[in-house]
Amino acid sequence: MTRSLREVVKEYMSERRVHKYRLVTKDGRCNIEFGNVMHRNRFAYVLDIWTTFVETRWRFVILYFVASFTLSWFIFGLLWYWIARDHGDLKWQNPPENNTACVYSVNTLTYAFLFSLETQATIGYGNVYVTDVCPGAVALIVIQSLIGTIINCFWCGVVMAKIALPKKRAKTITFTDQAVICPKKGTLCLQIRVANLRKTLMIGSQIYGKLLRTTVTPEGETIILDQVSIDFMVDAGKDSLFFVCPFTLYHVIDKTSPFFDMAVDTLHQQEFELVVFLDGTAESTSSSCQVRTSYLPQEIMWGYDFLPIISRSKEGKYRVDFSNFAKVVPVPTAHCAYCYHNEAGHHHHSISGIDNQGFEVIDIEMPNVTKM
């Protein structure tokens, strides 16, 4: 059955609204703006010019790359033209036949620009060269060669640094779009699955989370983006993980957890954002890397568990089935953490009743009891 256009538009606007109010996007980018920055603080970007260029988008890097070389060629071309004009080597100056030019064949602005390009790019076509009659020309060719080398080194470094950015490695580490809450090892847990799509390892991996929400202190102060630490762990611990296959991270929902007071009926009514971090060092490049993602209350599924994805073949090889990476199945789960831990007096009762299809009504005969 096809959905109506109104339903499609409503779903699209809902996704845009969720993306707008999310601090950290699914791919780890921070959705935040800086306003009213003082001019002296903006000048700090110029002082830290290396980081500024490395963090610049590729389209602007290419623009600056072309502009820097073209501008330097043109500026030095004007200087070569000025030297030729000062020596009287230009065509319109009608130099004598026995005149020895400062730069052979540089008698127009076009030739001056071409000679500047050939000098800085070390091309040298052979019919344009500097003579020994002008010391200023010799000094200028040395200066241009040094400046051209500096420009080449700078842009080679920028391009290599952008290619080797650690966040590129983060693209090959993926989290599930949904988180689940279900029982695990005798306790109620919030679970997230993460996978490394490369065979090279992330050394010294550490996993942790932050719960972001707006809180009001007893003094009446409103704290926006109040951060609460969320501990995540796997079966092997939480530090220095052997990240060779996908992991299922779990956070134990106990009395110290901010999820302890939530229930299946109230979870999606909450306003918070769970940001999950994975820090590690790339094995191939030895560069530190951080991977981030976030989950809103609507992206946490209560009463579901992830399907297993790791199996072992008859030949003894381990196999990861990524088709089940984000698939979930419903599992019996308590209505709330209080119910699971059987805490008296704090149960969250469901507003709408749920029929138990396996319930069977039977008659019970009361035995004869003699009163004393």
Side-chain angles (χ1 to χ4, degrees), residues 28-29 37 39-87 89-91 100-172 198 200 281-290:
R29 292 181 289 108
V37 180
H39 293 288
R40 60 178 178 270
N41 294 331
R42 291 182 181 272
F43 187 69
Y45 292 101
V46 180
L47 297 178
D48 189 15
I49 189 172
W50 175 256
T51 305
T52 301
F53 273 101
V54 171
E55 294 179 350
T56 303
R57 294 185 178 182
W58 275 107
R59 62 175 71 97
F60 297 108
V61 169
I62 295 175
L63 176 63
Y64 299 150
F65 176 86
V66 175
S68 63
F69 278 101
T70 305
L71 186 62
S72 63
W73 296 337
F74 181 72
I75 291 175
F76 279 102
L78 293 178
L79 294 177
W80 287 115
Y81 182 80
W82 177 78
I83 288 178
R85 181 181 182 278
D86 185 66
H87 194 258
D89 299 334
L90 301 179
K91 285 184 177 181
T100 301
C102 290
V103 183
Y104 184 77
S105 296
V106 175
N107 46 30
T108 62
L109 182 59
T110 302
Y111 268 110
F113 177 80
L114 291 176
F115 178 71
S116 174
L117 188 154
E118 294 169 15
T119 300
Q120 192 165 324
T122 65
I123 298 175
Y125 289 115
N127 63 337
V128 184
Y129 54 88
V130 177
T131 62
D132 57 353
V133 298
C134 297
V138 177
L140 183 60
I141 197 172
V142 172
I143 295 173
Q144 184 174 5
S145 299
L146 293 176
I147 293 179
T149 302
I150 294 174
I151 295 176
N152 288 335
C153 293
F154 177 81
W155 284 114
C156 286
V158 169
V159 172
M160 290 300 300
K162 286 187 66 66
I163 293 176
L165 279 177
K167 64 181 181 180
K168 302 299 181 183
R169 177 64 175 90
K171 300 296 183 181
T172 56
R198 290 188 179 274
T200 54
T281 302
E283 183 182 33
S284 55
T285 61
S286 298
S287 58
S288 299
C289 176
Q290 183 182 85

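Taking CG from D86 and CD1 from I83, the interatomic distance works out to 8.5 Å, rounded to the nearest 0.5 Å. Taken from CZ in F74 to CG in L78, the straight-line distance is 4.0 Å, to the nearest 0.5 Å. To the nearest 0.5 Å, atoms CD (E283) and SG (C289) are separated by 13.5 Å. Going from atom CZ of F154 over to atom CD1 of I150 covers 11.5 Å, rounded to the nearest 0.5 Å. The CG atom of L146 sits 11.5 Å away from atom CD1 of I151, with the distance rounded to the nearest 0.5 Å.
Taking both residues in full, the closest heavy atoms of R85 and L90 are given as CB-CD1, 3.6 Å, listed atom of the first, atom of the second, then distance.
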Donor-acceptor contacts, no H, no angles, side chain residues 134-142, under 3.5 Å, sequence neighbours left out:
none

Could you pull out all donor-acceptor pairs under 3.5 Å where a side-chain atom in residues 62-72 meets a protein atom, sequence neighbours excluded?
| unit_1 | atom_1 | unit_2 | atom_2 | d |
| --- | --- | --- | --- | --- |
| S68 | OG | Y64 | O | 3.1 |
| S68 | OG | F65 | O | 2.9 |
| S68 | OG | W155 | NE1 | 2.9 |
| T70 | OG1 | V66 | O | 2.8 |
| S72 | OG | S68 | O | 3.1 |
| S72 | OG | F69 | O | 2.8 |
| S72 | OG | Q120 | NE2 | 3.0 |

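Checked against side-chain hydrogen bond (donor to acceptor under 3.5 Å, both in side chains), T108 has no partners two or more places apart in sequence or in another chain. Annotation: side chain to side chain contact (heavy atoms under 4.5 Å, CB included) contacts of T131 (sequence neighbours excluded): T100, Y129, V133. Under the side chain to side chain contact (heavy atoms under 4.5 Å, CB included) criterion, I163 pairs with W58, V159, not counting sequence neighbours. Looking at residues two or more places apart in sequence or on another chain, you find a side-chain hydrogen bond (donor to acceptor under 3.5 Å, both in side chains) between T172 and R169. In terms of the side-chain hydrogen bond (donor to acceptor under 3.5 Å, both in side chains) criterion, residue partners of T51 (sequence neighbours excluded) are, by chain and number, D48. Applying the side-chain hydrogen bond (donor to acceptor under 3.5 Å, both in side chains) rule to Q290 yields the partners Y208, D279, R292; only residues at least two apart in sequence or on another chain are considered. In this view, R59 and R57 satisfy the side chain to side chain contact (heavy atoms under 4.5 Å, CB included) rule, not counting sequence neighbours.
The list of side chain to side chain donor-acceptor pair (under 3.5 Å) pairs with a residue in residues 75-84, not counting sequence neighbours, reads W80-Q144.
Contact check for F60 versus F53: no side-chain heavy atoms found under the 4.5 Å cut-off.
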Check against side-chain contact (heavy atoms from CB on, under 4.5 Å), V130 and F115: CA-CA 10 Å; V130 177; F115 178 71; 3.4 Å; yes

